[in-house]
Amino acid sequence: MDAVTLLNWYDAHARAMPWRVPPRSNHRADPYFVWLSEVMLQQTTVAAVKDYFVKFTTRWPSVHDLAAAADEDVMAAWAGLGYYARARNLLKCARVVADAGGTFPDTEEGLLTLPGIGPYTAAAIASIAFDLPAVVLDGNVERVMARRHAVLDPLPDSKETLRALAARHTPTIRPGDYAQAVMDLGATICTPRNPACGICPWMSECEGRMAGLAAELPRKRPKKAKPTRLGTAYLARHPNGATLLETRPPKGLLGGMLALPTTDWSDAPVAAPPLDADWQIVGEVRHTFTHFHLILTVATATATSIPERGGWVENADPNDLPTVFAKAFRLGASAM
DNA sequence: AAATCGTGGCA
DNA sequence: TTGCCAAGATT
């Protein structure tokens with residue numbers, strides 16, 4: 001059986017990660033750790049997640065600790081990791097679970113009802129934390145299945161086909177190890193570019209490789225070009241050292257995060273400084289989001305007046321802000 | 001159902 | 001420099 005081949009490979013080559021229990025362990029990973037790591041890993045690389053995972057679990061060792069945390073502390077701790085709706089939903093989910101006694105649901109259906117847990121994450125927690133034969137379908141599994149079975153239709157059209165193929169491979173023995181094994185295979189051998197087919201445990205049964213198509217699968221629909229938007233960020237400092245910051249609206253881009261006051265971001269941004277001062281343009285920051293480029297002019301001023309929006313923050317730390325603002329903050333501060 | 005939502009690394 | 005991509009969820 002294909003799954004056994006893959007499990008044998010995983011027994012020898014599983015990557016060590018802070019949230020992972022080694023294969024053939026006689027105990028399972030803590031559902032809290034599995035959930036936290038899976039949410040952090042949504043659209044995010046293992047390398048980027050590691051330090052954040054350690055930081056979160058050191059500061060909040062249980063779901064009860066996280067549920068009791070202040071919103072602004074969790075958002076600041078998440079700053080830099082991106083997709084900030086994940087952090088907002090993380091807190092909502094922690095509080096639901098904590099209120100229910102601190103135990104995560106042990107079924108896919110139960111997990112799916114929680115904020116921030118979708119089809120992939122529910123299946124991942126069910127398999128990895130509870131060893132249930134859930135069908136885990138992430139970008140790795142999509143790629144592995146598209147190659148293994150030479151699926152030529154482009155994503156996302158082929159998604160349900162790939163899911164059915166993934167289901168066919170999912171074993172009833174060691175499903176948790178299997179889920180992590182397929183994803184490790186996709187991350188280390190069946191990679192997006194230059195797949196290492198020569199050392200793949202599924203080399204001999206891979207239809208994509210036999211057809212000479214492995215490296216170009218899965219096919220994807222072309223993406224839209226990103227427009228460029230303009231804006232200005234304002235760094236105001238009080239003579240006492242405080243920095244003018246504001247919390248962004250709870251939804252939308254960078255929602256709920258601490259930020260520098262800015263104009264809107266558009267073709268013709270409306271300049272509305274947060275307070276009246278002698279603003280000096282000190283440079284610009286270029287930053288690319290998921291669906292647009294941003295050129296952000298950075299203006300600085302020293303001021304003491306009452307701001308029209310935001311508030312003075314002592315000992316402000318750029319690391320508590322989303323990366324785009326951290327860049328603008330550092331540039332402005334270095335120019336004052 | 002297509003759009004929205006971050007960031008850093010890599011070729 | 002630019003585009004692609006990563007353990008997706010939500011609306």
Centre-to-centre under 6.0 Å for A:Phe53 and A:Trp19, is that the case here?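 Ring centroids of A:Phe53 and A:Trp19 are less than 6.0 Å from each other.
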Taking the ring centre of each residue, are A:Phe292 and A:Phe289 less than 6.0 Å apart?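 Distance test on ring centres: under 6.0 Å, yes.
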Taking only the [atom1] atom of each, what is the distance from [N] to [M] in whole angstrom?
| N | M | atom1 | answer |
| --- | --- | --- | --- |
| C:dT11 | B:dG6 | P | 14 Å |
| B:dC5 | C:dC5 | C1' | 16 Å |
| C:dA7 | B:dA2 | C1' | 23 Å |

Could you state the interatomic distance from CH2 (A:Trp78) to CZ (A:Phe56), rounded to the nearest 0.5 Å?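 Those atoms lie 6.0 Å apart.
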Please report the interatomic distance CG(A:Leu254) to OH(A:Tyr83), rounded to the nearest 0.5 Å.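 OH of A:Tyr83 is found 12.0 Å from CG of A:Leu254.
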Tell me which residues in residues 31-41 of chain A lie within less than 4.0 Å of DNA chain C, going by non-hydrogen atoms.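 DNA chain C contact set from residues 31-41 of chain A: A:Glu38, A:Leu41.
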Pull out every residue in residues 113-126 of chain A that has a heavy atom closer than 4.0 Å to any atom of DNA chain C, ordered by number, or say none.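 Under 4.0 Å from DNA chain C: A:Pro115, A:Gly116, A:Ile117, A:Gly118, A:Pro119, A:Tyr120, A:Thr121.
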For the pair made of [atom1] in [X] and [atom2] in [N], what is the distance, rounded to whole Å?
| X | N | atom1 | atom2 | result |
| --- | --- | --- | --- | --- |
| A:Asn140 | C:dG8 | CG | C1' | 12 Å |
| A:Lys223 | C:dC4 | NZ | P | 6 Å |
| A:Leu112 | C:dA9 | CG | P | 8 Å |
| A:Leu155 | C:dA6 | CG | P | 10 Å |
| A:Lys251 | C:dT10 | NZ | C1' | 10 Å |
| A:Gln42 | C:dC5 | CD | C1' | 16 Å |
| A:Leu81 | C:dG8 | CG | P | 13 Å |
| A:Arg88 | B:dG6 | CZ | C1' | 12 Å |

Counting any heavy atom closer than 4.0 Å, what does [X] reach on the DNA or RNA strands: base, sugar-phosphate only, or nothing?
| X | answer |
| --- | --- |
| A:Arg221 | nothing |
| A:Met17 | base |
| A:Trp78 | nothing |
| A:Lys220 | sugar-phosphate |
| A:Lys226 | nothing |

Compute whether any side-chain donor of one residue and acceptor of the other, for A:Arg237 and A:Thr302, lie under 3.5 angstrom apart.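 Looking only at side-chain atoms, A:Thr302 and A:Arg237 do not form any donor-acceptor pair under 3.5 Å.
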Check this for me: does any side-chain nitrogen of one of [X] and [Y] sit under 4.0 Å from a carboxylate oxygen of the other?
| X | Y | answer |
| --- | --- | --- |
| A:Asp153 | A:Lys159 | no |
| A:Asp73 | A:Arg59 | yes |
| A:Arg174 | A:Asp11 | yes |

Specify the closest pair of heavy atoms between [X] and [Y], including all atoms of both residues, with the distance to one decimal.
| X | Y | value |
| --- | --- | --- |
| A:Ala29 | A:Val34 | CB-CG2, 3.6 Å |
| A:Leu112 | A:Pro119 | CD2-N, 3.6 Å |
| A:Gln180 | A:Arg20 | OE1-NE, 3.1 Å |

Once you measure the plane-to-plane angle for A:His169 and A:His149, does it fall in the parallel (<30°), tilted (30-60°) or perpendicular (>60°) bin?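 Aromatic pair A:His169/A:His149 classed tilted.
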So A:Phe325 and A:Trp265, would you call those rings parallel, tilted or perpendicular, with 30° and 60° as cut-offs?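 Geometry flag for A:Trp265 against A:Phe325: tilted rings.
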Compare side-chain N and O positions of A:Arg143 against OP1 and OP2 of C:dC5 and report whether any pair is under 4.0 Å apart.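 For A:Arg143, the contact criterion (side-chain N or O under 4.0 Å from OP1 or OP2 of C:dC5) is not met.
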Examine C:dG8: is either OP1 or OP2 under 4.0 Å from a nitrogen or oxygen in the side chain of A:Gln43? Give yes or no.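 True: A:Gln43 side-chain N/O within range (under 4.0 Å) of C:dG8 OP1/OP2.
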What residues form a side chain to side chain contact (heavy atoms under 4.5 Å, CB included) with A:Pro154, not counting sequence neighbours?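 Scan of A:Pro154 (side chain to side chain contact (heavy atoms under 4.5 Å, CB included), adjacent residues dropped) gives A:Arg219, A:Arg221.
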Taking only N/O atoms, report every protein-nucleotides 1-5 of chain B pair under 3.5 Å with atom names and distance.
| unit_1 | atom_1 | unit_2 | atom_2 | d |
| --- | --- | --- | --- | --- |
| B:dA3 | OP1 | A:Lys224 | NZ | 2.1 |
| B:dA3 | OP2 | A:Lys224 | NZ | 3.3 |
| B:dC5 | OP1 | A:Leu253 | N | 3.4 |
| B:dC5 | OP2 | A:His291 | NE2 | 2.8 |

What nucleotide among C:dT10, C:dA7, C:dG3 has an atom nearest to a side-chain atom of A:Asp184?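 Side chain of A:Asp184 sits closest to C:dA7.
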Sequence neighbours excluded, which residues qualify as side-chain hydrogen bond (donor to acceptor under 3.5 Å, both in side chains) partners of A:Thr191?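 By the side-chain hydrogen bond (donor to acceptor under 3.5 Å, both in side chains) rule, A:Thr191 matches no residue at all.
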Quick one: which protein N/O atoms are closer than 3.5 Å to N/O atoms of nucleotides 8-11 of chain B? Pair and distance per line, please.
none

